[in-house]
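Take a look at the structure set out below.
In the text below, chain A, chain B and the rest are named by the order of the sequence lines, each starting its count at 1.
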There are 2 protein chains.
Amino acid sequence: MSVNIKDVAKKSGVSTATVSHVINGTRFVSDVTKQKVQKAMVVLNYHPNLIARSLRCKKSKTIGLIVPTVNEGAPDFFYMSVAQGIQHYIKKQGYHLIFSNYNNECDEEEQIQVFNTKCIDGLILAPTNDLREKVRNHTLFGDYPIVYVDRKMRNQPGDTILIDNQEGVFEAIQHMIHKGHTRIGFISAERGENTSDEHFQGYLKALSKYGISIDSNLIKSGPSNFETGVQLTRELLESQKVTALFIANNTLTMGAIHYLQHKNIDIPNDLAVIGYDDYEWTKVTTPFLSVIKQPAFEVGEKAAEILLSKINKQNSDYHDYRLKPYFISRESC
Amino acid sequence: MSVNIKDVAKKSGVSTATVSHVINGTRFVSDVTKQKVQKAMVVLNYHPNLIARSLRCKKSKTIGLIVPTVNEGAPDFFYMSVAQGIQHYIKKQGYHLIFSNYNNECDEEEQIQVFNTKCIDGLILAPTNDLREKVRNHTLFGDYPIVYVDRKMRNQPGDTILIDNQEGVFEAIQHMIHKGHTRIGFISAERGENTSDEHFQGYLKALSKYGISIDSNLIKSGPSNFETGVQLTRELLESQKVTALFIANNTLTMGAIHYLQHKNIDIPNDLAVIGYDDYEWTKVTTPFLSVIKQPAFEVGEKAAEILLSKINKQNSDYHDYRLKPYFISRESC
DNA sequence: TAATTTTTTGCAATCGTTTACAAATTCATT
DNA sequence: AATGAATTTGTAAACGATTGCAAAAAATTA
């Protein structure tokens, strides 16, 4: 792989400038020389060195991605889909993705530092809470555009791609109401994060739209893990009479479903259920689970689209973009 | 980001050579100048440009990864874990990963071409059948080391990291036999791929070790999808009397479990079950599913380890490495 | 044919590092 | 103080592309 532009130039009897212009179409070259050059390129099996090109042009055609693709040991499917969406979009434009998943916050900062030296053209980042604080002081980022996904970064310029969490929950609850349910349980991750808060808002909005009063006994929340899902579901069902249950988090949904199956509760007759995230396991349950599906892949695509448009200076003002989740109606409600 | 080594040199009153040597520790520099240089670097917030370095050193500290992380629209968790394993290992060594997932074979070839121009230091590749044929003719690869994962590439030099498929199945079946089962159903993906063939060998090996005769009626295979899993399980259970069932493929396992839950079959009393791949959904089923877990993360780590050792010329002969799956004993068998 | 315009190409600097080679400085020795 | 050895630094050429500027070649015109 050590054949370079000079070799091609020599072989075809022209200057490197001409070869370069043939490659990039950046100025007129007569047909006859163009063909000489092209022939030389295939004969020598020449491929331009992108590193040299990057150095000269100060464009690497590479974007960085920093997301937690692994969460407490387990792979985080949401961010994986985001990554795939990005990949899908940028590939078409000849861009590359170098990616890096962080495990803790200190790590995250370090990753950004590394990316800075890599001359990335842009960055897609899912910021932790911690990072939001830190970045206020340091000059952490280089002078490339940044797009944030899933979480907002208030004190920093940049676009943000978000999920319309409220709308997703609203639709699900509304669907339940249309089916005649009025006592609807709601389980979510701990309040405080903007995602769970928005979920809760969606729940309230739907109930109030249809004039159903809020019963705080039907509302539970806790840390996002399997056991809590089991636990909260048990607490809810043992103490309250509900005809429908919405769980606003995938891991909690798994716990809930496990409990319900274990207790042989007839879904949807005894209890209608809508869960969160359309992962593979929702197709194993009996009956198949209706869910709110987050448009993770689309988030990735959108992030990539916005980022590339920023890189190419096609627009310069910052926006938040909210993508609507899908309600996937299967058999559980 | 336009502060470069010259700026540092000027600021600290030394030559760029000295700065470079301070950065890399490549020759002796007196303490006093070393400190001047280091101070200038922090004051200016200097970070060496890795692209320039790559160009000069012909080392990019970047490795490429080409795997099908998306398979028929659905994310492929196996390769995702592989990717994470790689990531985990190379990060510690200061390497980066650029990755690319292919959807069809022609795409795969193209991706390799692109990587060649990126000056990757090494490549990790899950080759398709198709690629194995193609590569015979072309000079497709650059002169970097290559490590193959999951599938062998016979006509090309390189190491291969494989899973000991036979051993995994053997252990599972043996476990069933120890529990007293003799009529053990076996469902796998279509024969022909070396993975399914190895699965089948494991089944045969276990049965013959314990002197259990082979009954071809208990052996089913078909394309890897949910419906086939349902279908084959039904066929097996309706026609044969079996007390245990092993499914050597995750998607087929999902179908099987769905059928069994739907039919209200008592696991493990009516039927003991061991499935394939320890994905999240195995913890939703009632009872929790015992599985053969493929060491995907470890495959990634091992691939990275071997590749980096090749890049650093620490060894030069090619090997196949076979990693043993884990048998995870839960409640279904 | 000479002058002028148009078409087509080449020269050489540049991007930011690393590194072979050599030069300057310091130190010890006589 | 002059010499040589040891220590410490600097100069400048790479790496492989792109591109502003200008020159050569061809075509047109007078």
A:Lys10 atom NZ is separated from D:dG16 atom C1', nearest whole Å, by 14 Å

For B:Ile120 and B:Gly64 the tightest heavy-atom approach is CG2-N, 4.0 Å

In terms of heavy-atom contacts, A:His21 and A:Arg27 come closest through ND1-NE, 3.3 Å

Assign each of B:Ala17 and A:Lys34 the nucleotide of DNA chain C bearing its closest heavy atom; nearer the 5' end lies the nucleotide of A:Lys34

B:Ile5 atom CD1 is separated from C:dC15 atom P, nearest whole Å, by 14 Å

Rounded to 10°, the helix from C:dT1-D:dA30 to C:dT30-D:dA1 deviates from straight, judged by its five-pair end axes, by 60°

| query | Does OP1 or OP2 of C:dT9 have a side-chain N or O of A:Thr33 closer than 4.0 Å? | reply | yes

Taken to the nearest whole Å, NE2/A:His21 to P/D:dA17 is 14 Å

query = Quick check, are the ring centers of B:Phe77 and A:Phe77 under 6.0 angstrom apart?
reply = yes

When every non-hydrogen atom of A:Ala9 is compared with those of A:Thr16, the smallest separation belongs to CB-N, 3.8 Å

Checking C:dT8, C:dT18, D:dT19 against the side chain of A:Ser20 (C-beta onward), the nearest is D:dT19

Quick check on D:dG10: is either OP1 or OP2 less than 4.0 Å from any side-chain nitrogen or oxygen of B:Thr18?
yes

Look at A:Ser30 and C:dT9 and indicate whether a side-chain polar atom (N or O) is within less than 4.0 Å of OP1 or OP2. yes

note: A:Arg53, atom CZ; C:dG16, atom P; distance rounded to Å ~ 18 Å

**Asked** Do any side-chain nitrogens or oxygens of B:Lys58 fall under 4.0 Å of OP1 or OP2 in D:dG16?
**Response** yes

5'-most contact on DNA chain D (nearest-nucleotide basis), B:Val32 vs B:Cys57, goes to B:Val32

(Q) Measuring to OP1 and OP2 of D:dA14, would you say a side-chain N or O of B:Arg56 lies under 4.0 angstrom away? (A) no

I want to check one thing: is the phosphate of C:dT18, taken as OP1 and OP2, less than 4.0 Å away from some side-chain N or O of B:Asn24?
yes

**Prompt:** Quick one: does B:Arg27 reach the base of D:dT8 with a side-chain donor-acceptor pair under 3.5 Å?
**Reply:** no

So, B:Asp121 side chain and B:Ser60 main chain: donor-acceptor pair closer than 3.5 Å or not? yes

B:Leu50 CG to C:dC15 P, in whole Å, measures 18 Å

Quick note, A:Leu55 side chain, CB onward, closest among C:dC15, D:dT11, D:dA17 is C:dC15

Between OH of A:Tyr46 and C1' of D:dG16 the distance, given in whole Å, is 7 Å

Atom NE2 of B:His47 and atom P of C:dT17 are separated, to the nearest Å, by 12 Å

Between A:Ser54 (side chain only) and A:Lys59 (backbone N and O only), is there a donor and an acceptor less than 3.5 Å apart?
yes

| message | Does the plane of the ring in B:Phe99 sit parallel, tilted or perpendicular to the ring in A:Phe99? Use 30° and 60° as the thresholds. | response | tilted

Atom NZ of B:Lys36 and atom P of D:dT9 are separated, to the nearest Å, by 8 Å

From the candidates C:dT8, D:dT8, C:dC11, the one with an atom nearest any side-chain atom of B:Phe28 is D:dT8

For A:Pro145 and A:Ile311 the tightest heavy-atom approach is CG-CG1, 3.7 Å

TODO: Kindly say if A:Asn49 contacts the phosphate of D:dG16, meaning a side-chain N or O under 4.0 Å from OP1 or OP2.
DONE: no

